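Worksheet: one structure, shown below.
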Amino acid sequence: MTQHVLVTGGAGYIGAHACKALARAGFTPLAFDNLSTGWAEAVKFGPLFQGDLMDPAALDAAFAQYKPIAVLHFAALSLVGDSMSDPGRYWRVNVNGSLNLVEAAVRAGCLNFVFSSTCATYGDQDGVLLNEDTPQYPINAYGASKKAIEEIVKNFGPAHGLNHVIFRYFNVAGADPEAEVGEQHRPETHLIPLMLDAIDGRRPALTIFGQDYPTPDGTCVRDYVHVSDLADAHVKGLQWLLAGRGNRAFNLGTGHGFSVRQVVDASRAVTNREVPMTLGARRAGDAAALVSGSARAREELGWRPERSTLPLMIGDALAWSRKPGFSR
Ligand code: UFG
């Protein structure tokens, strides 16, 4: 009998890739998902428990039925722009939902907890490399809600013995190289899939949000990390906790930033097609540059983001979006 790991958001983009990585490492991922943004078809590597983080009884039932040895907590509202227009929803769903989850885990005696946080907790810091000890000053409600959840998780250690690994993701991109799972948001808001949609005619053009940022070419700089590399980091984080190595926060990025224009150029090179685009205003809540200091995850977890190059991320995303039957 393999051990179950409860994966909230296991039907979503990153969660589904993590489920694949867990299964490959010999665990059985239990996807706990309300399917509000996830896809039942993406749950391929273990059972699906359809439930909502706002429903403590559903959480208790999932813990009681499967007795997971750990939780990987991905489920969240995660759109920066959206969080600026409806902050209340981000606080309610992300923070209250996570509090319910942490409390249910403690009730069930499931005390190993891996939390998906974000570089958006750091805010806008003049393009400096962000490392795990950089003070966190979020500039959008999404980042603020994730920072609050980090505090909850940390508080539950001394009080209830909860052990945690916090991962602060930079910009996640790409798809499973075998195209078993991939990115499919409703609506899609992320740069690389929107660019591929413009290239393949699923939308008229990509709009570049802002050209007057204090960056080399005026467009926002981000540190892109391949979703499969990110999934592998979660297995390492789980093993870290199971080995009793203690509470730790890790950035997951490559240490290299690319501007929106550089991503456009890379997409042109990978696809051999022009990217139809228009120039638009800045999007509320966007930091100018977010680039990871990535030494800790490499040195302590032994993590190697080997597929996290723009050509591989764009190529894998392209293969996924060109699969027969794909729609967005
Ligand atoms: N962008 C455009 N046009 C678009 C979409 C995006 O120019 O149509 C730009 C954005 O302004 C930003 C960059 O491309 O500068 C990346 O934008 P994404 O929407 O792809 O990603 P975000 O940086 O907004 O957010 C993502 C995740 C968050 C996470 C964050 C960390 O959605 O959950 O990365 O930077 F916190």
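Order of appearance sets the numbers: ligands from 1, and atoms from 1 within every ligand. These figures come from a predicted structure and were not determined experimentally.
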Looking at [Y] and [X], is there a salt bridge between them, counting it only when a charged N and a carboxylate O are closer than 4.0 Å?
{"X": "Arg248", "Y": "Glu132", "value": "no"}
{"X": "Asp86", "Y": "Arg92", "value": "no"}
{"X": "Arg304", "Y": "Asp232", "value": "no"}

Under a 4.0 angstrom heavy-atom cut-off, which atoms of ligand 1 come close to [X]?
{"X": "Ile208", "value": "7 (O)"}
{"X": "Tyr142", "value": "28 (C), 29 (C), 33 (O), 36 (F)"}
{"X": "Cys220", "value": "15 (O)"}
{"X": "Ala120", "value": "36 (F)"}
{"X": "Leu290", "value": "35 (O)"}
{"X": "Thr207", "value": "2 (C), 3 (N), 4 (C), 7 (O), 8 (O)"}
{"X": "Leu206", "value": "8 (O)"}
{"X": "His190", "value": "18 (P), 19 (O), 20 (O), 21 (O), 27 (C), 32 (O)"}

Worksheet entry | salt bridge (charged side-chain N to carboxylate O under 4.0 Å, His left out) evaluation trace for Arg261 with Asp217 | CA-CA 8 Å; Arg261 284 196 183 279; Asp217 66 20; 5.2 Å; no

Practice prompt. Check Phe250, Tyr169, Phe115 against His234 for a ring-ring contact (aromatic ring centres under 6.0 Å, His included) and give me the one that passes.
Written response: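 Testing each of Phe250, Tyr169, Phe115 against His234, the sole residue satisfying ring-ring contact (aromatic ring centres under 6.0 Å, His included) is Tyr169.
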
Item to complete: Please work out which of the three classes, parallel, tilted or perpendicular, describes the rings of Phe32 and Phe49, given edges at 30° and 60°.
Response: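 Correct class here is parallel.
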
Worksheet item: Can you check whether Leu53 reaches Thr8 side chain to side chain, under 4.5 Å on heavy atoms?
Response: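 Counting from C-beta outward, Leu53 and Thr8 do come under 4.5 Å.
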
Practice prompt. State, with a plain yes or no, whether a side-chain heavy atom of Val227 is found less than 4.5 Å away from one of Glu183.
Written response: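 In short, these two side chains do not touch, never coming nearer than 4.5 Å.
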
Judging by distance only, is a nitrogen or oxygen of [X] under 3.5 angstrom from one on ligand 1?
{"X": "Phe209", "result": "yes"}
{"X": "Tyr224", "result": "no"}
{"X": "Leu191", "result": "yes"}
{"X": "Tyr169", "result": "no"}

When you measure from [atom] to every protein heavy atom, which one gives the shortest distance, and what is it?
{"atom": "atom 21 (O) of ligand 1", "answer": "Asn171 ND2, 3.1 Å"}
{"atom": "atom 11 (O) of ligand 1", "answer": "Asp286 OD2, 2.6 Å"}
{"atom": "atom 17 (O) of ligand 1", "answer": "Arg283 NH2, 3.4 Å"}

Worksheet entry | Sub-4.0 Å heavy-atom contact, Leu79 with ligand 1 |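 Under 4.0 Å: no for Leu79.
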
Worksheet item: What heavy-atom pair brings Leu196 and Leu318 nearest, and what distance separates the two atoms?
Response: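 Distance-wise, the nearest heavy atoms are CD1-N, 3.6 Å.
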
Practice prompt. Give the C-alpha distance, both sets of side-chain angles, the deciding distance and a yes or no for salt bridge (charged side-chain N to carboxylate O under 4.0 Å, His left out) between Arg24 and Glu178.
Written response: CA-CA 13 Å; Arg24 197 176 263 173; Glu178 291 154 18; 3.3 Å; yes

